[in-house]
Amino acid sequence: MLGVLLIHLLSLPFLYVTIIGIYKNNTEEQFIGHVRELTGLLSDFIPANEAVDSANETVFLMESAMLGGEVIYIELVNENGDRLFPDEDVAMNTVEFIEDRYIGQHDDEIYFISLPVYLLIDDVKYTRLRIGFNEAVVLDRLALVKKRSMAILGIYFVCIILLLSYLTSVIMRPLKQLGLLSKKVAAGERSKKMKVSTRISEVSDLSEDLECMRLALVEQTERMHFKAMHDELTGLPNRSLNNDRIDQAISRASRKKSSFAVLLLDLDRFKEINDTLGHGVGDEILKVVAERLKCGIRESDTIARIGGDEFCAILEGVERVVAEKLAMKLAALLEPSFRVNGHTLQVGASIGIAVYPENGEMPEILFQHADVAMYEAKYQGLKVISYHEDMDKHRIEDLQLTSDIREGLKSGQFYAAFQPKVDLSTGKPYGCEMLARWEHPRLGLISPDKFIPIMERENLIGEMTQKVFDKHLPQLKQVIDSHPGFKVSINVSPLSLLDTALLDNLEISMQLNGVKSSSLIIEVTENAIMTNPLRSARILQKFADAGIGVSVDDFGTGYSSLSYLQKFPINELKVDKSFIIGLNKNSQNYPIVNATITMSHDLGMSVIAEGVEEMEVIDLLVEMKCYHVQGRFFSQPLSFTEFKQWIEHFEISEYW
Ligand code: C2E
Ligand code: CA
Ligand code: CA
């Protein structure tokens, strides 16, 4: 726009000068032509003779010429400049004759012109006729033309400015508006529509295109924001959004003087499923878990996935008791088995609860305490536990133990104790159970009930089983070789039942040591089998195919039925010690134990009773035809040296 103005500013004076020049030239030409014509005519009429009449005629002629007003100066002069007309005393003297070449040459408003003539009076030759024409009219007209041209060009200039400012308002304003809006969009403010009102279709098209771009940008930003704040797999809020929600919950609760609960939920057995069945199956389970959890909370509450198999629920406006009830509900939602890619899987979860404000007023503290409670729940094998101050101590111990376990595995601190199994029908020991022991360098002997759950959690259990087995296998070989049919039982964790790694390694060790695989029995709990029955069946079959015996440990504590277990390659049932300790004919357990023994014999399985402490129990077992027993009545678990001595000097008569 400035350019257009500049062009006009430069070209208008040029136009003006040109117009005025042309006009002036034309007028001048006309005027001068007219003047010359008139002067020539006048000179032609001047008579050339000396007669007095001629002089008078000339004077008359000149006076007449002046009458029109056009000629305002006229004189006839001789060679000396003496004038014939007009007389010396006429007022015309005041003006001085200066010949002009063009109009307005001298500032006298008279156009002076002279012509040679010939007039002889009294021997004086009048040779020049000098005439002055009134050029003021021409000059005035020129001035008027100048004024008008100036005015027209001025109006033109103003029109140009007006036109430009109109165009500016019509085109530039919306463009400028769009520019401003674009800048705002670029700066991140995307809520304003990029619409401008304009009648220019190109600009409105542009504005529509930009609006489309803005909408796409808004959508993309929202998608990115959603992505940044949500877990891609389950669509649940992620850790960042969860942190925001806890902050919000804290400010609401502190305003209303109310409470809320943070629930930290960790799936049980998820890692093993992921490791053994692959991430595809793991992902599917997480999706189903997310769906189930969503059903268990109110819409105003939050359920977020904050880690691999960790979820967090924020339950607003609830106190501890209600939070515990809701947590139980969430845990119950995860109990039914999951059917994924043809697998039927049991998952379950442990939930830790921290309540605002009693368990912390800061988000990190609440989170940390819910985490401590959750680990405590795992440790105790419970579904739900609320945070309590004492737990911190446990947690620190637990962390310390975990690192000590790793160290202990490296430096061979784990070993086995051996508890004999006796066959009452022959009166001879026929095998032993290997029970893991840990001699902690500082804390002394630590119970397997304490370190095994940690090992299972940290996925170290397989390594421990293998190491302890390898440590004692050469010693056991001596016993196996000297006692035909001797069976060594080892406890196999549910985790090891998910893949064949342990089986492969055990087989290698036995081959290296020249021990037949039929000398080995694995004890697996019925719960371990039921976690994933299909998979367990496959792995157990592999053990059976390898010639290794399979015993169901702690039988009676789970929910499986004998007829269901029959589908698995099982050789032995081990009735749990809780049924055996203190058993008598009047106890509630008696008919159960009796039926179990009868049924397993019918199904072709052998039965062993553990936790045999008293002679009375032995009598009852013999009566029920259960001849395989293990328990303190015969021996505690022993070190290998003790066990070897024990087995060599065993005489049933000493007990019976
Ligand atoms: P379990 O497999 O049921 O082992 C039997 C437990 O009962 C042993 O406890 C044993 O010392 C104890 N016991 C033996 N006779 C009697 C008795 O007459 N009365 C009573 N009250 N108890 C008796 P322990 O050695 O403390 O082992 C506890 C549990 O730790 C085992 O229970 C087993 O589940 C687990 N465990 C031990 N060693 C290993 C192992 O190498 N691998 C795995 N996965 N688990 C193991
Ligand atoms: Ca056992
Ligand atoms: Ca047992």
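The shown structure was predicted, so the numbers you read here are calculated from the model rather than taken from an experiment. These values consider heavy atoms only, across backbone and side chains, with no hydrogens, waters or symmetry-generated copies. Just follow the structure's listing: the first ligand is 1, and inside any ligand the first atom is 1.
Note on Glu458 versus Arg406: salt bridge recorded, some NZ/NE/NH1/NH2 to OD/OE distance being below 4.0 Å. A salt bridge does not link Lys287 with Asp283: every distance from a Lys NZ or Arg NE/NH1/NH2 to an Asp or Glu carboxylate oxygen is 4.0 Å or more. Taking 4.0 Å as the cut-off between side-chain N and carboxylate O, Glu433 and Lys421 do not count as a salt-bridged pair. Salt bridge annotation for Glu572-Lys487: absent, with no cationic side-chain nitrogen under 4.0 angstrom from a carboxylate oxygen.
Counting only non-hydrogen atoms, the option in Glu610, Lys450, Gln419 that gets closest to atom 13 (N) of ligand 1 is Gln419. Taking all heavy atoms of Asp553, Asp449, Thr525 into account, the minimum distance to atom 2 (O) of ligand 1 is reached by Asp553. Evaluated by nearest non-hydrogen atom to atom 4 (O) of ligand 1, the leading choice among Leu435, Val612, Val468 is Leu435.
In this view, Asp266 and Lys378 satisfy the salt bridge (charged side-chain N to carboxylate O under 4.0 Å, His left out) rule, not counting sequence neighbours. Annotation: side-chain hydrogen bond (donor to acceptor under 3.5 Å, both in side chains) contacts of His440 (sequence neighbours excluded): Asp404.
For the Ca ion (ligand 2), the set of nearby N, O or S atoms under 3.0 Å includes none belonging to Glu610. Not one N/O/S atom of Asp554, from backbone or side chain, sits under 3.0 Å from the Ca ion (ligand 2).
Residue-level proximity to ligand 1 for Arg437 is carried by the side chain, the only part with a heavy atom below 4.0 angstrom. Under 4.0 angstrom from ligand 1, the non-hydrogen atoms of Asp554 all belong to its side chain. Contact annotation for Asn491 and ligand 1: heavy atoms of both the backbone and the side chain come within less than 4.0 Å of the ligand. Within the 4.0 Å heavy-atom criterion, the part of Lys577 lying near ligand 1 is the side chain and not the backbone.
Using a 30° and 60° split on the angle between ring planes, Tyr387 and His369 fall in the parallel class, below 30°. In this pair, Tyr564 and Phe568 present their aromatic rings perpendicular. The plane angle is above 60°, beyond the 30 to 60° band. The aromatic rings of Phe643 and Phe418 lie parallel to each other, with less than 30° between the two planes, well short of the 60° mark.
Taking the six-membered ring for Trp and the full ring otherwise, Phe640 and Tyr415 have centroids separated by 6.0 Å or more.
The main-chain N or O of Glu613 is never found under 3.5 Å from a side-chain atom of Arg632 such that the two would form a donor-acceptor pair.
Residue-ligand proximity, Pro448 to ligand 1, at heavy-atom distances under 4.0 Å covers atoms 24 (P), 25 (O), 26 (O), 27 (O), 28 (C), 30 (O), 37 (C). Numbered from 1 in the order shown, with element, the atoms of ligand 1 that lie under 4.0 Å from a heavy atom of Glu613 read 17 (C), 18 (O), 19 (N), 20 (C), 21 (N). Near Gly631, with a cut-off below 4.0 Å to any heavy atom, the atoms of ligand 1 are 15 (N), 18 (O). Ligand-side atoms of ligand 1 in range of Glu433: 2 (O), 4 (O), range being under 4.0 angstrom from any heavy atom. For ligand 1, the atoms sitting less than 4.0 Å from at least one non-hydrogen atom of Ala436 are 37 (C), 38 (N), 39 (C), 40 (C), 41 (O), numbered in the order shown with element in parentheses. When each atom of ligand 1 is checked for a heavy atom of Pro637 under 4.0 Å away, the hits are 11 (O).
Restricting Glu523 to its N/O/S atoms, the shortest distance to the Ca ion (ligand 2) is reached by OE1. The name of the N, O or S atom in Glu433 nearest to the Ca ion (ligand 2) is OE2.
The shortest N or O to N or O distance between Glu456 and ligand 1 is not below 3.5 Å.
Taking the Ca ion (ligand 2) as the corner point, the angle from Asn491 atom OD1 to Asp553 atom OD2 is about 80° (rounded to 10 degrees).
Closest heavy-atom contact between Ile529 and Ser536: O-OG, 3.1 Å.
Remark: distances from the non-hydrogen atoms of Thr465 to ligand 1 are all 4.0 Å or more.
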